[in-house]
Amino acid sequence: MRCPKCGSLETRVVDSRLGRGDRSIRRRRECGGCSYRFTTMEEVLREGLMVRKRDGSMEDFDRAKVLNGIRKACEKRPVDIEQINMMVSDVIQLLEQEHSDAIPTRAVGEKVMEHLRHVDQIAYVRFASIYKEFRDIAEFTAEINSLNPSPKTLP
């Protein structure tokens, strides 16, 4: 494993722990070159998992796309990278359980929104505004109002 700070290949594992739900392993590593400590995650990658896009085309499932979408939604929000990584793992596990071969993009977006809704409502609205492709401010306002169960609504 290459050190993210100095690029050295001389790293050693200092500590290993099971991740949430015993689906991954977290390894704490230390660089032999610069003594920088960093964490890596190891998890099973499922081969052959496909995504069915809205236009009917298929493409390989890409964990990085899910991660990047959640990271953008959580940008400058009080959500740490560990929370984001765990959210991605949870979403992927649920999708794998529900879909045997091709996962519809709709299902990916809905699972991400479901998790973001409980983690950070601003991140949820950011993600939903892109995913749901709101056509006007009324749709956007309705989505915001759905987050707040109080009788007060936005104009």
Side-chain angles (χ1 to χ4, degrees), residues 1-54 58-134 140 143-150:
M1 179 65 58
R2 189 175 297 274
C3 173
K5 187 171 182 184
C6 73
S8 172
L9 287 173
E10 295 181 34
T11 63
R12 67 184 181 90
V13 175
V14 178
D15 182 41
S16 290
R17 295 180 185 196
L18 288 176
R20 187 192 298 176
D22 300 339
R23 296 182 309 249
S24 62
I25 297 175
R26 292 178 42 155
R27 298 194 194 282
R28 193 76 179 134
R29 297 177 181 269
E30 183 174 21
C31 177
C34 68
S35 299
Y36 181 71
R37 287 189 171 207
F38 59 100
T39 302
T40 59
M41 296 277 291
E42 179 181 320
E43 60 187 17
V44 174
L45 296 177
R46 183 171 160 192
E47 297 292 325
L49 193 59
M50 302 294 287
V51 173
R52 184 180 323 279
K53 301 187 81 169
R54 289 180 181 170
M58 303 279 275
E59 70 177 42
D60 289 333
F61 183 86
D62 187 355
R63 182 185 195 282
K65 285 185 176 182
V66 177
L67 176 64
N68 289 336
I70 293 173
R71 284 176 109 173
K72 285 179 185 175
C74 294
E75 197 170 84
K76 296 184 181 179
R77 298 297 304 150
V79 181
D80 62 34
I81 192 65
E82 188 62 35
Q83 264 185 300
I84 293 171
N85 285 328
M86 294 305 253
M87 200 180 325
V88 171
S89 294
D90 288 347
V91 165
I92 292 171
Q93 181 193 18
L94 290 169
L95 290 169
E96 286 178 338
Q97 288 173 354
E98 293 176 11
H99 304 277
S100 58
D101 54 352
I103 302 170
T105 55
R106 171 195 46 76
V108 177
E110 288 173 3
K111 287 292 181 215
V112 169
M113 287 193 312
E114 186 178 306
H115 279 72
L116 282 173
R117 186 179 197 124
H118 299 293
V119 171
D120 187 282
Q121 290 184 343
I122 299 296
Y124 166 82
V125 171
R126 286 178 178 171
F127 187 89
S129 69
I130 301 299
Y131 172 72
K132 290 188 173 186
E133 299 175 342
F134 297 132
F140 191 77
E143 191 66 35
I144 291 171
N145 288 335
S146 76
L147 292 172
N148 190 0
S150 72

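Just so you know, these numbers come straight off a predicted model, no measurement behind them.
- Residue Ile92 holds its CD1 atom at 4.0 Å from CZ of Phe61, rounded to the nearest 0.5 Å.
- Judged as a salt bridge (charged side-chain N to carboxylate O under 4.0 Å, His left out), and not counting sequence neighbours, Lys5 has no contacts.
- Side chains of Ile25 and Leu18 form a contact here, defined as non-hydrogen atoms less than 4.5 Å apart.
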Side chain to side chain contact (heavy atoms under 4.5 Å, CB included) between Tyr131 and Val112, worked out: CA-CA 10 Å; Tyr131 172 72; Val112 169; over 6 Å; no
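- Of all the heavy atoms in Cys3 and Cys6, the pair that sits closest is SG-N, 3.4 Å.
- Arg37 meets the side chain to side chain donor-acceptor pair (under 3.5 Å) test with no other residue; sequence neighbours excluded.
- With sequence neighbours excluded, the residues satisfying side chain to side chain contact (heavy atoms under 4.5 Å, CB included) with Arg29 are Met1, Thr11, Val13, Arg27, Phe38, Thr40.
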Only pairs under 3.5 Å count here: list side-chain donor-acceptor contacts from residues 103-110, not counting sequence neighbours, and write none if there are none.
none

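- Two residues are said to be in side-chain contact when any heavy atoms from C-beta on lie closer than 4.5 Å; His99 and Arg52 fail this criterion.
- Summarising the geometry, atom CG belonging to Leu9 is positioned 9.0 Å from atom SG belonging to Cys31; distances are rounded to the nearest 0.5 Å.
- Considering CE of Met58 and NZ of Lys53, their distance stands at 12.0 Å, rounded to 0.5 Å.
- Gln121 pairs by the side chain to side chain donor-acceptor pair (under 3.5 Å) definition with nothing, not counting sequence neighbours.
- Contacts classified as side-chain hydrogen bond (donor to acceptor under 3.5 Å, both in side chains) and involving residues 66-81 (residues at least two apart or in different chains) are given here: Arg77-Asp120.
- Partners of Ser8 according to the side chain to side chain donor-acceptor pair (under 3.5 Å) rule, which considers only residues two or more places apart in sequence or in another chain, do not exist here.
- Residues satisfying the side chain to side chain donor-acceptor pair (under 3.5 Å) criterion with Ser129, sequence neighbours excluded, are absent altogether.
- Taking the salt bridge (charged side-chain N to carboxylate O under 4.0 Å, His left out) definition, one finds that Glu10 meets it with nothing, sequence neighbours left out.
- Using a 4.5 Å heavy-atom threshold, the side chains of Tyr36 and Pro4 count as touching.
- Here His115 contributes atom NE2 and Ile70 contributes atom CD1; the two are 8.5 Å apart, rounded to the nearest 0.5 Å.
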Stepwise side chain to side chain contact (heavy atoms under 4.5 Å, CB included) test for Met113 and Glu143: CA-CA 12 Å; Met113 287 193 312; Glu143 191 66 35; 5.7 Å; no
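- Every ring pair (Phe, Tyr, Trp, His ring centres under 6.0 Å) that Phe140 has, sequence neighbours left out, goes to Phe134.
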Test log, rule side chain to side chain contact (heavy atoms under 4.5 Å, CB included), inputs Asp90 and Met87: CA-CA 5 Å; Asp90 288 347; Met87 200 180 325; 5.7 Å; no
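- For the side chain to side chain contact (heavy atoms under 4.5 Å, CB included) test, residues two or more places apart in sequence or in another chain that qualify with Arg12 are Val14, Glu30.
- Taking the side chain as every heavy atom from C-beta outward, Val66 and Arg63 never approach each other to under 4.5 Å.
- Shown here is Arg26, whose CZ atom has no more than 12 heavy atoms of other residues, nucleotides or ligands within 6.0 Å.
- To the nearest 0.5 angstrom, Thr39 atom OG1 is 10.0 Å from Asn85 atom CG.
- Checked against salt bridge (charged side-chain N to carboxylate O under 4.0 Å, His left out), Asp62 has no partners two or more places apart in sequence or in another chain.
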